[in-house]
Each structure stands twice: as structure tokens, then as C-alpha cells.
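Here the structure comes first, spelled out in C-alpha cells, and everything after it is commentary.
If you're wondering where the values come from, they're calculated on a predicted model, not measured in any experiment.
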2 protein chains.
Amino acid sequence: MDAAARLFSERGYHGTSMQHLGQALGLQRGSLYAHIGSKEELLFDVVNQGAERFLGMARHAASSGEPAAARLRALLVGHVSTAAQHLEASTVFLNEWRYLSPVPRAQIQAKRDLYETVVRRIISDGVAAGEFDPGVNVAMAGRLVLSAGNWIYTWYHPDGALSASAIGAELFDLILNGLAKEGPA
Amino acid sequence: MDAAARLFSERGYHGTSMQHLGQALGLQRGSLYAHIGSKEELLFDVVNQGAERFLGMARHAASSGEPAAARLRALLVGHVSTAAQHLEASTVFLNEWRYLSPVPRAQIQAKRDLYETVVRRIISDGVAAGEFDPGVNVAMAGRLVLSAGNWIYTWYHPDGALSASAIGAELFDLILNGLAKEGPA
DNA sequence: CCTACCGATCGGTAGG
DNA sequence: CCTACCGATCGGTAGG
């Protein structure tokens, strides 16, 4: 699965052959079928593990009992940290899941929808509690949070100046406070 | 190129065969080679056209002479509108460009970098002009804007409640003002 | 885990 | 001479 995550993230699912995987593991391609059912099953396992990682983190962040802003911050920091720690598997989760056939894809779609629901719930909680602006479009704000978190795999490098947590925290501050100068209405 | 944009966006570059392309056009796959040099050349053309579209729009938005906030708004609205109007080609531009071989990929990378530079320039102009908060991390804010714009192809549907322009405008307002309630510091 | 295959299909090119 | 194709096949590789 590690080799698959790496190769699928670099070459894409369809750009990776069983030959590539065999080579990475020092096996003939036919021999891989003693360990996996099919190439697609391998994709599903990598994608599903990624989905579970994000979902588990989100549920934990959402249920802390803290104010909505703190929960959203924990979720965004957790999201970026998870993506950074499992960059290849996260890339596969985000980019290659759509190549699954209908039944497994629907399973993953359900987990993606659940994740988005968790994010929106935190935001609508924050609006209800008076923490966030009552004019906030909850669906749009949820998508902004997911966008910010999901796009980082395209530019994050482990040896960058900022840690994953710091990136998550910076993104949260931007989303919470905006670009505009405080003060004059 | 339209057929390639559609097929590459749905199946991915490596998941699309010359057979698929021929079928979409009512031709034998071999006949396509009277029109293109190679499959990769076709990918490059789709990706490059996408890059040029976004870059042209960004240059136009950036050079209006308006305040930074208005320019950033125009860029985000333009970005979402462009992505919406050419959803398939934009998807290929964003997802499949990395499968180009080194030389053409570097050409596209340069255009992507240029686009990001335009975005950052607007933001740093806004900070310098006192429109934006002086504490803003320009690189991070630029990535947030790009993230918001680049992720929409995953959920945008032409028959949704909001037009592309309206989505761009809502995203801009969120990024400018943030989630937080105005008032108490 | 191997070699040796299967039915099919890959991107690309042949001559006409 | 051109554009726009044909049926067949090139050397290799796909998943199984």
C-alpha cells in the first residue's frame, strides 16, 4: 500500500502499471496477485484509508466541546497535518478516487460527504452561537475551508519554512479574520 | 481539442485511449494522426489553452488601475467564471498537466507561477496601500485565493443555484471579511 | 514467488 | 498534389 500510494500519487492510477508496482517491490507483476485481489482493490484500500484518516480527525476535532472557532481551527490544523504526514496517500485520496468503479466510489463519496457535513456543522454552530457573522453562507464557507485544506498537497513540501500545523493555523486565521484591515466599516 | 478536454477530464489522460478519442469523433484512431502529432501534443494543447485563458484573465483583472480589493475581486470572479465556462478544459489544466514530459511541463509550470505572481502582487499592493491588514501573509493569502478558485471544478454544476460570478463574489467576500463577527476585538 | 501464457488493447505507423 | 480517411498491423503492455 505504501508503494501504491507513492506510485499512484506520482503517475496517477491509470499511469501506474502492475509492472511498476512489481518493480518497486522487487516482484514479477503476476506475483502481486498473491497479495491483492486487483489493481482497483489496491486503489480502494489506499483511498479508503485516506478517507478514514481525515474523517477520524474531523470527528475528533468536531466533538471537543470547545467554541466553534476553536473546533474549526483544530479541524483545519488537523487536516493540513494529516495531509502533510500522509502526503502521497492523501494525494491519491483526493485525485484518484474518481477512477473507482461505481460501488466503491459511492462508498468513498459517502465519506467525503460526511466530512463536508462535519465542517458545515461547525460553521453553522458558530453562526448560531454568535461567534461568526450571521450573513455567512455556510455551504460556501465550508467549501472555502475544504478548498484551502485540499489544495495544499499541490504545493506543500516537508522542508518548507512553515510546519503543517503552522500552515493550518495561518489558513484558519485568514479564513476567520479576512484580508481586510480591521476598523473602518 | 474539445473531445480531448472532455475525455481527459472524465477519464484522465492515461485513462483515455486514442480509441476513445476516435470513437468520440467518429473516426478510426489511426485517422487522428492526420490531425495531431501525438497524444501528448494533444494534452499539451488543451492544458496550454487553459493556462492562457486564466493568465489572460488575470492580467486583465490586475491591470485595471482599481484598488487592490477590486482587482482581487475581479480576478476571483474571472477565475470562477473562466473555470465554469470551460469546466472540462480547466479540469484538465489543473489535474493532468503533471503528466506532460519535462520540457512541456516546465512551460506550463512557468505560466502557473506567473499566475500566482499576479495574485500575490495584487495582495501585496493591497497591503502596501493600507487596504489589507499589514499582518497578512501574502504567500499564504495568495494560496488561499488559488485554492478557492481551483477547487471549485470539483463541485460546480452549471445548473446550481448560484452563477459562477456569484460564487466568485461570495468567495471574495469571505476571503476579504472572514467568518468572524465584526465588532468586538 | 516464478514463467508462461490468455484475450484485449496500448500509442503509433504502414501502404494505398 | 491535397485532406481525410481505410483495414491492417507494428512492437509492447494491460489486467488477470
| said: Hydrogens and angles aside, do A/His14 and B/Tyr99 bring a side-chain donor and acceptor to less than 3.5 Å of each other? | reply: no
| field | Nucleotide of C/dG11, D/dG16, C/dC1 approaching A/Ser38 most closely (side-chain heavy atoms) | value | D/dG16
| field | Whole-Å P distance, D/dG16 and C/dA4 | value | 22 Å
| Nearest-Å distance, NE2 (B/His14) to P (C/dG11)? | 10 Å
| note | In whole angstroms, the gap separating C1' of D/dG15 from CD1 of A/Ile36 amounts to 10 Å
| Can you tell me how far C1' in D/dT9 sits from the matching atom in C/dG11, rounded to whole Å? | 13 Å
| request: Confirm from the modelled atom types if B/Arg29 and D/dT9 form a donor-acceptor pair under 3.5 Å, side chain to base only. | output: yes
| field | D/dG16 phosphate, OP1 or OP2, under 4.0 Å from A/Tyr33 side-chain N/O | value | yes
| task | Assign the ring pair A/Phe54 / A/Phe93 to parallel, tilted or perpendicular, where the plane angle (0 to 90°) is split at 30° and 60°. | result | parallel
| Out of D/dA4, C/dG12, D/dC6, which has the shortest distance to the side chain of B/His35? | D/dA4
| query | Hey, does B/Gln28 reach any base, or is it just sugar-phosphate, or nothing, if we go heavy atoms under 4.0 Å? | reply | sugar-phosphate
| said: Closest approach to the side chain of A/Ala34, judged atom by atom: which nucleotide of D/dC6, C/dC1, D/dG16 is it? | reply: C/dC1
| task | Measure from CE on A/Met18 to C1' on D/dT13 and round the result to the nearest Å. | result | 13 Å
| When the distance from CG of B/Leu25 to P of D/dA4 is rounded to whole Å, what number comes out? | 13 Å
| message | Rounded to whole Å, how long is the line connecting atom NZ of B/Lys39 with atom C1' of C/dT9? | response | 12 Å
| field | Pairwise C1' distance, C/dC10 and D/dC10 [rounded to whole Å] | value | 12 Å
| query | Hey, which of A/Leu94, A/Val92, A/Leu100 is the one that makes side chain to side chain contact (heavy atoms under 4.5 Å, CB included) with A/Glu96? | reply | A/Val92
| message | Work out how far the P atom of C/dG12 is from that of D/dA8, and round it to whole angstrom. | response | 23 Å
| message | Angle between ring planes, A/Tyr13 versus A/Phe8, binned at 30° and 60°: parallel, tilted or perpendicular? | response | perpendicular
| said: What contact category does B/Gly30 fall into here, base, sugar-phosphate, or nothing, at under 4.0 angstrom with non-hydrogen atoms? | reply: base
| request: Can you tell me the distance, in whole Å, between the CG atom of B/Leu43 and the P atom of C/dG11? | output: 12 Å
| query | A/Ser17 side chain: which of D/dG15, D/dC6, C/dG12 is closest? | reply | D/dG15
| query | Starting at CG of B/Leu42 and ending at P of C/dG12, how long is that distance when rounded to a whole Å? | reply | 10 Å
| said: If I take atom CG in residue B/Leu21 and atom C1' in nucleotide C/dG12, what distance separates them, rounded to the nearest angstrom? | reply: 13 Å
| query | Quick one: which of D/dG15, D/dC5, C/dC10 gets closest to the side chain of B/Ser31? | reply | D/dC5
| query | Between C/dG12, D/dC5, D/dG15, which nucleotide gets closest to the side-chain atoms of B/Leu27? | reply | D/dC5
| said: Would you say CZ of B/Arg121 has more than 12 non-hydrogen atoms from neighbouring residues, nucleotides or ligands within 6.0 angstrom? | reply: no
| query | Could you state the interatomic distance from CG (A/Leu162) to OH (A/Tyr156), rounded to the nearest 0.5 Å? | reply | 9.5 Å
